[in-house]
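Order of the sequence lines sets the chain letters (A, B, ...), proteins ahead of strands, with each chain counted from 1. Owing to the predicted nature of the structure, the values given are computational and were not obtained by experimental measurement.
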Amino acid sequence: MDKYLNSDDERLFDLLESKDADQLTTEERQFVQQQMGLDEYTLQRNTIRESAVAFGEIPEPVPFSVPTSHSGSFFGKSVPLWQALTAVAATVLLFLVLWPDNIPGKTPTILRSQQLSHTDTVILTQTRVDTIIRYIREQRETDKENTLAIQPAQIRMLEGNTAVVLPEISNEIISQRGRSLNDDTAAQEILRTIYRADAR
Amino acid sequence: MVQVMNHQSSVAITELHRRYSKKLLGFFIKMLQQDEQLAQDYVQELFLRILEKNHLFNPEKKFYTWVFTIAANMCKNSYRRTPMASIDRFESEQLHPVAYGENLAEKARFHALLRTSLDQLEEVHKTTFVLRYMEQFSLNEIAEITGASLGTVKSRLFYATRKMTEQLKAYDPHNETTLFKLM
């Protein structure tokens with residue numbers, strides 16, 4: 001029933017909207033007569049025209065009263081008191097349940113730092129003390145032995161008889177010279193003695 | 001006006017009611033089987049909806065067509081809940097032959113039959129007929145209000161008029177009155 005009108009029906013529709021039967025041209029009158037008849041056209045035209053006044057005077061509408069809850073409501077909507085109180089109580093309860101101290105598995109900041117520092121100190125102290133003590137002791141003992149071995153000899157030399165007069169050649173031999181044999185007169189004298197003995 | 005309503009609801013809605021309430025009341029009376037009390041309630045309900053949902057209005061469109069779109073949807077929902085007018089009422093309006101001279105009485109009777117035959121139409125055809133021939137909306141405005149195409153609106157009007165005249169003719173089959181010759 002809601003299909004689009006064909007061309008003839010659409011022309012009829014346009015005529016019904018605009019012209020009474022006595023306003024039709026001869027050609028239009030013939031067209032209407034073929035499609036629906038002039039009586040039918042007249043009745044439909046009267047129906048359309050009289051519809052505008054068929055209901056007479058419209059009564060006055062009742063004055064509109066703005067609801068009081070709308071003016072002071074929360075975001076334009078009213079909420080019952082018991083619902084509002086329930087929402088507040090639920091919010092407070094949720095806040096108390098989720099307070100940080102009550103979260104399972106979570107410890108205070110101070111206790112955590114004490115545990116960490118105590119654990120670290122124990123491990124490091126034990127390792128360092130063992131290594132260092134052994135090494136130092138051995139070294140010290142070794143040095144001590146060397147020191148002891150050397151010292152008596154040095155002390156004996158130093159504590160030796162200083163009244164004995166050594167021959168000149170001994171002094172020359174003991175005294176430090178240069179490296180070159182030309183500078184060493186004692187060595188030259190020894191060599192001359194050997195040559196003289198061989199020459200005999 | 002609707003933008004002002006966002007800030008001053010009470011004053012703006014009162015002004016809108018003053019401008020449009022009578023037109024809307026007339027529309028509801030025609031659509032709701034001439035039940036004036038129900039139509040008054042619908043007008044109140046409609047302005048409450050305007051107050052609550054004014055943010056849904058598109059300022060680029062006409063407020064008038066938007067309001068009537070809401071009104072048409074309210075009537076559509078009403079039709080889903082309640083059936084059409086009973087046949088008994090239609091038969092009580094049966095035309096009796098009236099002499100040609102009593103033109104006013106003929107007209108009154110004709111109008112009564114018109115109102116009754118209008119109630120017999122399907123909701124979509126009735127809405128389109130009322131908006132066009134009683135509320136004087138243009139075809140394009142009716143298309144916007146009902147959400148139908150222009151061709152569909154024309155088709156609905158054409159068949160609605162034909163059906164109403166068929167019912168009118170059924171109550172004067174012998175054409176004994178000058179009903180059909182009103183000028």
Review point. Where does B:Glu135 contact chain A at under 4.5 Å (heavy atoms): side chain, backbone, both or neither?
Key: neither
Study note, to complete from the structure: Within residues 51-60 of chain A, the residues sitting under 4.5 Å from chain B by heavy atom, in sequence order, are A:Ser51, A:Ala52, A:Val53, A:Ala54, A:Phe55, A:Ile58, A:Pro59, A:Glu60
Point to revise | Hydrophobic cluster identity match, A:Val62 and B:Tyr42, side-chain contacts under 4.5 Å | key: no
Check your understanding: Which distance, rounded to the nearest 0.5 Å, do you find between the CZ of B:Arg162 and the CD of A:Gln44?
Key -> 7.0 Å
Check your understanding: Would you say the side chain of B:Thr165 lies within less than 4.5 Å of the side chain of A:Tyr41, judging by non-hydrogen atoms?
Key -> no
Exercise for review: Determine the option with the most heavy-atom pairs under 4.5 angstrom with chain A, choosing from B:Gln44, B:Met164, B:Lys23.
Suggested key: B:Gln44
Check your understanding: Is it the case that one hydrophobic cluster holds both B:Leu150 and B:Phe158, taking links as side-chain heavy atoms less than 4.5 Å apart, direct or via other members?
Key -> yes
**Study point:** Considering all heavy atoms, the nearest A:Glu17-B:Leu157 contact
**Key:** OE2-CD1, 4.5 Å
Revision key, fill the gap. Looking only at heavy atoms, the pair that brings A:Phe64 and B:Ile13 closest together is CE2-CG1, 3.7 Å
Exercise for review: Could you tell me whether the side chain of A:Ile48 reaches within less than 4.5 Å of the side chain of B:Thr161, counting heavy atoms only?
Suggested key: yes
Revision key, fill the gap. Whatever's closer than 4.5 Å to a heavy atom in chain A on B:Leu139 counts as side chain
Check your understanding: At a heavy-atom separation under 4.5 Å, does B:Arg18 approach chain A through its side chain, its backbone, both, or neither?
Key -> neither
Point to revise | Any donor-acceptor N or O pair under 3.5 Å, side chains A:Thr47, B:Tyr133 | key: no
